[in-house]
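For clarity, every value in this text was computed on a predicted model and none was experimentally measured.
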Amino acid sequence: MAISVGVVEDEAFSRMVLTTALRAHGVLVLFDTDGAAEAVEMFRVRRPQVAILDVHLGKGPSGVDLARQVRRDLPGVGLLFLTSFDEPRLLGTSLPELPAGSVYVTKADVSTIGVLLRSIEQAAAWTHTTATSLPTERQRRSAHQLDALTDGQLETLRLVAAGYSNAEIARRRVVREKSVELMIRRIAQRLGLEPDAARNQRVHLARVYLRMVGAKDDHD
């Protein structure tokens, strides 16, 4: 029996490509939509086995917010997140923790339809005893870097990559500017970035972060 899914993706072209590919490979796409508010009612009415969700859905509730609501309405639904971010902590502190048993796949990892189909099957196998989602291959490759950083260091790295000065990072994180300077040095050490007179350390850190979130780096 075909697995039934509901797709929530705010980019129309990505949603069309995704649903077309899924239908061509025997997945029963019960509905697709671009917004969280409409999706809540569609999940309640159509009751798919798996919810395929983008994390960021524009203005309003995020894909994580939607997932938590859908899981409350349909406790047995599987959750599959498709995102550009390597690891949930990179999504920022404003998003809640992913629901238990969520399958988390980066769009960069979906090199073939087979990868996506296996992820759907994994999500469909959700039960209340499922512990956590398995890491993707990309997550495993970057785990040594991510595990080396505390949540506070990861947030500081995100702000560095966003272009904020040490003074502004200190203001946002409610710490002293000297503490930010020290943390940036520690982040570089934990990531194995040796001092290099030919490289601006902040730029180097920003590039590392961008690679973590799957952004294209024209210098690579």
With a 4.5 Å cut-off on side-chain heavy-atom distances among I, L, V, M, F, W and Y, is there a chain of contacts connecting L82 to I113?
yes
Do L28 and L79 share a hydrophobic cluster (ILVMFWY, side-chain heavy atoms under 4.5 Å, transitive)?
yes
The test is side chain to side chain contact (heavy atoms under 4.5 Å, CB included); show your working for I3 and L117 and say whether it passes.
CA-CA 10 Å; I3 295 176; L117 295 177; over 6 Å; no
Please round to the nearest 0.5 Å and tell me the distance separating atom [atom1] of [X] and atom [atom2] of [Y].
| X | Y | atom1 | atom2 | answer |
| --- | --- | --- | --- | --- |
| L116 | H25 | CG | NE2 | 10.0 Å |
| L159 | I184 | CG | CD1 | 9.5 Å |
| T156 | Y164 | OG1 | OH | 13.0 Å |
| I52 | S119 | CD1 | OG | 9.0 Å |
| L157 | E155 | CG | CD | 9.5 Å |
| R190 | L154 | CZ | CG | 12.0 Å |

The criterion is side chain to side chain donor-acceptor pair (under 3.5 Å); which residues satisfy it with [X], sequence neighbours excluded?
| X | answer |
| --- | --- |
| D10 | none |
| R118 | none |
| R202 | N166 |
| E9 | K107 |

Side chain to side chain contact (heavy atoms under 4.5 Å, CB included) assessment of I120 paired with L22
CA-CA 10 Å; I120 292 173; L22 291 176; 3.6 Å; yes
Minimum heavy-atom separation for [X] and [Y], please, with both atom names.
| X | Y | result |
| --- | --- | --- |
| V50 | A123 | CG1-CB, 3.9 Å |
| A67 | L53 | CB-CD1, 3.6 Å |
| P48 | G6 | CB-N, 3.6 Å |
| V77 | A51 | CG2-N, 4.0 Å |
| F43 | V70 | CD1-CG2, 3.5 Å |

Between Q69 and D65, does any side-chain donor sit less than 3.5 Å from a side-chain acceptor?
no
Test of understanding: with side chain to side chain contact (heavy atoms under 4.5 Å, CB included), list the residues that count as partners of V175, not counting sequence neighbours.
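Only A170, R173, S179, V180 meet the side chain to side chain contact (heavy atoms under 4.5 Å, CB included) criterion with V175.
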Counterpart residues, side chain to side chain contact (heavy atoms under 4.5 Å, CB included), relative to R186 (two or more places apart):
Q153, L182, Q189
Other cluster members, V17 - Ile/Leu/Val/Met/Phe/Trp/Tyr, side-chain contacts below 4.5 Å:
F13, M16
Could you identify which residues cluster with V174, counting Ile, Leu, Val, Met, Phe, Trp and Tyr as linked when any side-chain heavy atoms lie under 4.5 Å apart, either directly or through a chain of such contacts?
none
Do V105 and L80 touch side chain to side chain, with heavy atoms closer than 4.5 Å?
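Side chain of V105 against side chain of L80, heavy atoms only: contact under 4.5 Å found.
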How would you list, by chain and number, every residue that makes a salt bridge (Lys or Arg N to Asp or Glu O under 4.0 Å) with R172, sequence neighbours excluded?
E168
Please indicate whether R23 has more than 12 foreign heavy atoms, meaning atoms of other residues, nucleotides or ligands, lying under 6.0 Å from its CZ.
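Enclosed.
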Tabulate below the donor-acceptor pairs under 3.5 Å that side-chain atoms of residues 29-42 make, not counting sequence neighbours, or state none.
residue : atom : partner : partner atom : Å
D32     : OD2  : R15     : NE           : 3.1
T33     : OG1  : E38     : OE1          : 2.6

